[in-house]
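For reference, the structure discussed in these notes is given below.
We name chains A, B, ... by the order of the sequence lines, and we start the count at 1 in each one. Computed over heavy atoms, backbone and side chain alike; hydrogens, waters and symmetry mates excluded.
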Amino acid sequence: MRWSDSFIPTLREAPAEADAASHRLLVRAGFIRQLHSGHYSLLPLGLRVHAKVADIVRSEMDAIGAQEFLLPAMHPADLWRRSGRWDLVGAEMFRLQDRNDADVVLGMTHEEVFAFLAAEMSSYRELPQIWYQIQTKFRDEPRPRSGLLRVREFMMKDSYSFDLDEAGLDAAFDAHWEAYLRIFERLDLNVMAVQASSGAMGGDASVEFMVASPVGEDDVARCTACGYRANTERARAEVPPIDDPPSLDAPERFPTPGVRTIDELAEFPGGAPADRQIKTMVMVLDGELSLAILRGDHQLNTQKLTDSSGAAEIRPATPEETMAQLGANPGSLGAVGVSGIPIFADEALRGRRAMTTGANDDDWHLRGVDVERDIADLRWMDLREVAAGEPCIECGEPLEIVRCIEAGHIFKLGRRYSEAMGVSVLDADGQARTPIMGSYGIGVGRAMAAVAETHHDDKGLCWPVSIAPFDAVVAILDPSDEAQARTGEALYRELCDRGVECICDDRPLRPGVKLADTELVGIPFRVTVGARSLAQGNVELTERATGDTTLLAVEQAAAETAAQVAAQRS
RNA sequence: CGGGAAGUGGCGCAGCCUGGUAGCGCACCUGCUUUGGGAGCAGGGGGUCGUGGGUUCAAAUCCCGCCUUCCCGACCA
């Protein structure tokens, strides 16, 4: 391909709204353009990279025996009603009506459709199956952001396993885990496999593949000593015990005029340090007002509350709701004496005595509260979010918190969808059995953005050969010079013949512009054909990642370049 | 949904406070010169100033509504 014939609109400056490095550079280098918020066009260079990422995913999926499908992006609402997700999902799903006023949806994932197809199986002999597709998903995200990292329309590889029993599911799960590690290795993405929340769809094992990056949207707790790694939606830490003083026989009310926060109560004469207070969060779980109580200096992780309560929808209560049910405003709330309202208690409060908490009366608090004695019907669970430096739950060494991009997610789904879609096979004993499913996803565009995010410098992108839009560029510095043009063309043809994906920069531009462009676009190897070296019968081979340049005799240049490209293929 | 910022040519921005009919850099087109790190000179093309309404002799500029985009948070199979 010739650069002069290509549509590669590079920009000297990034659009003002682009903030993340991948966003800025993918736009500047002419890979993507925004159509509107959360929807991007892939330009020719962008599509080349996207397709290579997809091909790597495809080849590793095929290698574990998965079969590729292509399912509709638009689904009948009925299918989603059968699984219960029509009501469960809410505003995140694009919904529309066809000309007959029938409800249809744009698929945000494909459990329903694959399970619908799986209903055609009738014998255990047909299992196991792993099915996948690389398809556009639609999600009406509340806040698309950071270019390709979070969008409303995107390609995802989603696969689903069907097995007769848990042992089969375990095998499919492990096969995916291994395949994912190979995929990210080939993408040159440094991923951490971390324990994760399964979200509202349930399931037990759930592992996310995370790429550390400040523009990510998830926090991972990581122990550098023992390798414990978990999303903070699920991470746990050791909580050192606190010596409580002897308690009172019963809680005691005391006035706290103007005190509204944990910190203020800690400063207040007669108050208590934060770790000796009970924090009371008022939440609405599936429409029901509930309390979540934690140690004063601990933060509630709402995903943990969602997961352990089983609620589908969760939100903070409004001050009005709180006043109506508890009779006080935030700042003076407590769980003592509360009845008829579910109370979720964080494990760190177990056994605590002589605590201080709100009295459900503005400007009053209680001291001398024994958690288990004074608060009725506690539901104990892990609710607190771990903080950096806390001792690892496995080995006690300090945890660190790392911001990450979620590049992949695998989890064991269970039988929810197979049951809903009536998937049933007869086992060897002639008994009807519902296959168990697993669900596994990788966002193609997000993976591409994650690579861009981790492979760039101040000059531009820096693709690994495995997914670079081209392996090499032949830069003819002055195409009007016949010797340069002839040599460049010949090298370009020979590189193509040798199987190197090559673009020939034959544009009649100043050398500086062309060199800067090849660096911005991030092509791994550049063969520079210019008067200076050519006078000695040489060209230059420059590796983008290192900037290392070597002089090569014209006759050997193509072979040497092809060899270096081949050495970095994966 | 809460908080913040911003919409002026393809991109980056100025002009707005103090109203007078739109400007700069880059990019683009033509010509000449130039050719190893984003060239020089000369000439040229391109903008409903997000949108609707209001005030005014006159609105990019002042007032009101709406739309859109970005950032932080909430949310996120």
Side-chain angles (χ1 to χ4, degrees), chain A residues 9-20 23-24 27-28 30 33-39 80 83-85 88-93 105 107-112 114 137-147 149-152 154 156 158 160 196-203 206 208 215 217-218 231 233 283 300-303 306 312-316 318 406 409-411 413 416-417 437-441 443 459-460 475-481 484 507-520 526 528-535 538-540 542 547 549:
Chain A
T10 57
L11 300 173
R12 226 162 145 164
E13 292 180 271
E17 65 272 11
D19 196 47
H23 187 193
R24 244 181 315 111
V27 171
R28 276 191 61 208
R33 285 294 184 268
Q34 178 171 298
L35 183 61
H36 63 136
S37 181
H39 299 260
W80 288 72
S83 71
R85 289 164 101 188
L88 234 155
V89 168
E92 200 184 343
M93 186 154 61
V105 310
M108 44 197 294
T109 176
H110 282 74
E111 280 84 358
E112 281 83 354
F114 269 115
K137 311 293 184 199
F138 295 90
R139 296 183 189 177
D140 193 354
E141 295 288 346
R143 181 151 99 86
R145 70 182 105 178
S146 304
L149 281 172
R150 185 159 213 91
V151 289
R152 303 202 300 175
F154 59 99
M156 181 164 102
D158 51 324
Y160 306 87
S197 157
S198 321
M201 293 304 103
S206 171
E208 288 170 336
V215 298
E217 301 175 287
D218 287 275
N231 192 305
E233 292 174 346
M283 307 294 291
L300 172 67
N301 183 297
T302 53
Q303 189 64 46
T306 305
E313 197 196 317
I314 176 172
R315 62 171 172 86
T318 64
E406 178 191 346
H409 193 174
I410 60 178
F411 62 102
L413 261 187
R416 174 197 172 102
Y417 297 95
M437 292 175 64
S439 168
Y440 319 89
K459 292 177 179 158
I476 304 173
L477 293 188
D478 181 5
S480 69
D481 176 87
Q484 289 181 50
R507 295 174 298 169
L509 298 176
R510 314 218 16 120
V513 176
K514 298 164 73 167
L515 298 178
D517 266 354
T518 69
E519 285 155 352
L520 176 60
R526 181 180 70 218
T528 309
V529 181
R532 207 166 61 195
S533 304
L534 199 54
N538 293 325
V539 295
E540 293 148 37
T542 305
T549 296

Applying a 4.0 Å non-hydrogen cut-off, can you work out what [X] is touching in the nucleic acid: base, sugar-phosphate, or nothing?
X       : result
A16(A)  : sugar-phosphate
E17(A)  : sugar-phosphate
T542(A) : nothing
M156(A) : base
S533(A) : base
E519(A) : base
A91(A)  : nothing
D517(A) : base
R526(A) : base

In this structure, how many angstroms lie between the [atom2] atom of [N] and the [atom1] atom of [X], rounded?
X       : N       : atom1 : atom2 : answer
H409(A) : rC76(B) : NE2   : C1'   : 12 Å
R145(A) : rC75(B) : CZ    : P     : 11 Å
I476(A) : rU35(B) : CD1   : P     : 18 Å
L35(A)  : rU69(B) : CG    : P     : 10 Å
D19(A)  : rC71(B) : CG    : P     : 6 Å
E141(A) : rC71(B) : CD    : P     : 13 Å
R28(A)  : rC11(B) : CZ    : C1'   : 11 Å
R532(A) : rU35(B) : CZ    : C1'   : 13 Å

Watson-Crick or G-U wobble partner for [N], using a 3.5 Å limit on both distances?
N       : value
rG2(B)  : rC72(B)
rC49(B) : none
rA39(B) : rU33(B)
rA22(B) : none
rA27(B) : none

Quick note, P15(A) side chain, CB onward, closest among rU34(B), rG73(B), rC11(B) is rC11(B)

Could you tell me how far [M] sits from [N] if I compare only their [atom1] atoms? Round to whole Å.
N       : M       : atom1 : result
rA6(B)  : rC17(B) : P     : 16 Å
rG23(B) : rU33(B) : P     : 33 Å
rG15(B) : rU56(B) : P     : 28 Å
rU30(B) : rG46(B) : C1'   : 15 Å
rG50(B) : rC57(B) : C1'   : 27 Å
rC11(B) : rA74(B) : P     : 32 Å
rC24(B) : rG43(B) : P     : 13 Å
rC62(B) : rU55(B) : C1'   : 8 Å

*asked:* Within the 3.5 Å criterion, strictly below it, is a donor on E233(A) or N301(A) matched to an acceptor on the partner's side chain?
replied: no

Query raised in the report: Can you say whether the rings of H409(A) and F411(A) are parallel (under 30°), tilted (30 to 60°) or perpendicular (over 60°)?
Result: tilted

Quick one: do [X] and [Y] make a salt bridge, cutoff under 4.0 Å?
X       : Y       : value
R24(A)  : D19(A)  : no
E13(A)  : R28(A)  : no
E519(A) : R526(A) : yes

Does [X] make a side-chain N or O approach to OP1 or OP2 of [N] shorter than 4.0 Å?
X       : N       : answer
R510(A) : rU35(B) : no
R143(A) : rC72(B) : yes
T528(A) : rG36(B) : no
S37(A)  : rC70(B) : yes
Q484(A) : rU35(B) : no

Item checked: Side-chain donor/acceptor contact of E540(A) with base of rG36(B) under 3.5 Å -> yes

Closest to the 5' end of RNA chain B, once V529(A) and A14(A) are matched to their nearest nucleotides, is A14(A)

Note: for R150(A) and E13(A) on RNA chain B, the residue whose nearest nucleotide lies more 5' is E13(A)

**Prompt:** S533(A) and E540(A): side-chain hydrogen bond (donor to acceptor under 3.5 Å, both in side chains), yes or no, with the steps?
**Reply:** CA-CA 7 Å; S533(A) 304; E540(A) 293 148 37; 2.3 Å; yes

So, S206(A) side chain and S197(A) main chain: donor-acceptor pair closer than 3.5 Å or not?
yes

Requested in this report: Could you tell me whether the side chain of K459(A) and the main chain of A516(A) form a donor-acceptor pair under 3.5 Å?
Outcome: no

